[in-house]
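All values below come from the heavy atoms of this structure, side chains included, with hydrogens, waters and symmetry mates left out. For ligands, and for the atoms within them, numbers begin at 1 and follow the listed sequence.
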Amino acid sequence: MSGYTRPRLLAEDGAPPPASAVLYVANCGPAVGVTDADVRAAFGAFGEVAEVQPADSSGARVIVRFHEPAAAEAALAALHGRPCDRLAGRVLHIRYSVPVKPKAPRGGSLPVALTASELGIPGIYMVEEFVTAAEEQELLAAVDSRPWKSLAKRRVQHYGYEFLYETRNVDSKQFLGELPAFVSTVLEKITSYPGVKKCTIRLIDQLTVNEYPCGVGLSPHIDTHSAFEEMIFSLSLAGPCIMEFRKYRNGSWRAPSVAKGADEDISQEPECIRKAIFLPPRSMLLMSGEGRYAWHHYIPHHKIDDVGGQVIKRNSRRVSFTFRKVRMGPCDCEYKQFCDSQNKKC
Ligand SMILES: O=C(O)CCC(=O)C(=O)O
Ligand SMILES: [Fe+2]
């Protein structure tokens, strides 16, 4: 595509699109039997044509860019709405084109915290540079040398216990084995995490590795209470992301499936409080307490994020390591309305 598009019939200020060297030409293109060479021959009669590009995917609308605005003006005056001899009498509909507006980064209205204290959700902590760049490379190499399982939009690996996306739970009777040795350093470092007891590393027995291609996120969800214990650690590698947290006023533990890839239309959703945090690569997020049990977490499906007015491009991928402890009995948390164990009838 050319970076130019169809002008609105009535621009916001009611004025026609300004004269320029670029024309939007309808009823013209390969779908109606007109080749680029035909277009160049017809429009070239008015001045040198710099480029001919499809205006959209229809095949019946093109953008013709001249070097000189005067040539575009002459072509528009001569060819618009009249049979064109050079195109076997075809009637073209021509207007000045307008540049495609760059898409504003979405989520821009939501301020993005750079620290967990700025985020202000009880139980959510974030430590930057939790692993070194060298450790990050080793962890990525380790998972890249192991088989990935492809989901609709991202790839995953599971260790300890398989995570079942259909039920958003684990099969606690199917132990896949100890967590792999390549995560031992990370597990040791977790004991130095603020507020985490030394015994925690021995308790972590499930690891989900997610690989998100650029622009792919994760639907809003609360990790099923009955599936995992309170503390959930998520290490971000290779690229950054924004994680949004949502607290619904009339909370329900049911949420869209984690496997779903589509963006969420929040205008359709019940009222919620939204907060967001920037997760740089090598950072470790801890979700515990209220943040783990009562807030949905969500990774918006964007290629670019607006962090404090600065546009951050997502990397070609983000790989996260989510460490959890499989729960062997029911959950008895105090956030009952979000708890599947305490809402059996849901
Ligand atoms: O990628 C992440 O950091 C979060 C993954 C997650 O929320 C999950 O697997 O439940
Ligand atoms: Fe999650």
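Residue-to-ligand polar distances keep T322 apart from ligand 1: every N/O pair is separated by 3.5 Å or more.
The existence of a salt bridge linking E135 and R282 is excluded, since no basic side-chain nitrogen approaches an acidic carboxylate oxygen closer than 4.0 Å. Classification of R155 and E211 as a salt-bridged pair holds, one side-chain N sitting under 4.0 Å from a carboxylate O. For the pair R90 and D85, the salt-bridge criterion is not met [side-chain N within less than 4.0 Å of a carboxylate O].
Between M231 and F323, the closest side-chain pair of non-hydrogen atoms is not below 4.5 Å.
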- request: May I have the step-by-step check of side-chain hydrogen bond (donor to acceptor under 3.5 Å, both in side chains) for S234 and T322, ending in yes or no?
  value: CA-CA 4 Å; S234 198; T322 303; 3.1 Å; yes

task: Could you check H221 against H297 for side-chain hydrogen bond (donor to acceptor under 3.5 Å, both in side chains), going step by step and ending with a plain yes or no?
output: CA-CA 6 Å; H221 67 281; H297 50 283; 2.9 Å; yes

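Within ligand 1, the atoms closer than 4.0 Å to a non-hydrogen atom of N210 are 5 (C), 9 (O), numbered from 1 in the order shown. Close approach to S320 involves these atoms of ligand 1, each under 4.0 Å from a residue heavy atom: 1 (O), 2 (C), 3 (O). Of all atoms in ligand 1, listed by their number and element, those nearer than 4.0 Å to a heavy atom of L218 are 5 (C), 6 (C), 7 (O). Of all atoms in ligand 1, listed by their number and element, those nearer than 4.0 Å to a heavy atom of R318 are 1 (O), 2 (C), 3 (O). For ligand 1 and M243, the ligand atoms under 4.0 Å from any heavy atom of the residue are 3 (O), 4 (C).
Around the Fe ion (ligand 2), the angle linking H221 (NE2) with H297 (NE2) is 90°, rounded to 10 degrees.
Ligand 1 lies within reach of R324, whose nearest heavy atom is under 4.0 Å from it. Close to ligand 1: Y212, with a non-hydrogen atom less than 4.0 angstrom away. Using a non-hydrogen distance threshold of 4.0 Å, D223 registers as a contact of ligand 1.
Contacts of Y335 classified as side-chain hydrogen bond (donor to acceptor under 3.5 Å, both in side chains), with partners at least two apart in sequence or in another chain: none.
Through chains of ILVMFWY side-chain contacts below 4.5 Å, V34 is grouped with L23, V25, V32, V39, F43, F46, V49, V52, V62, V64, F66, L76, L79, L87, L92, I94, Y96.
With respect to the Fe ion (ligand 2), D223 has OD1 as its nearest N, O or S atom.
Between atom 4 (C) of ligand 1 and the options G217, S219, S234, S283, the minimum heavy-atom separation is to S234.
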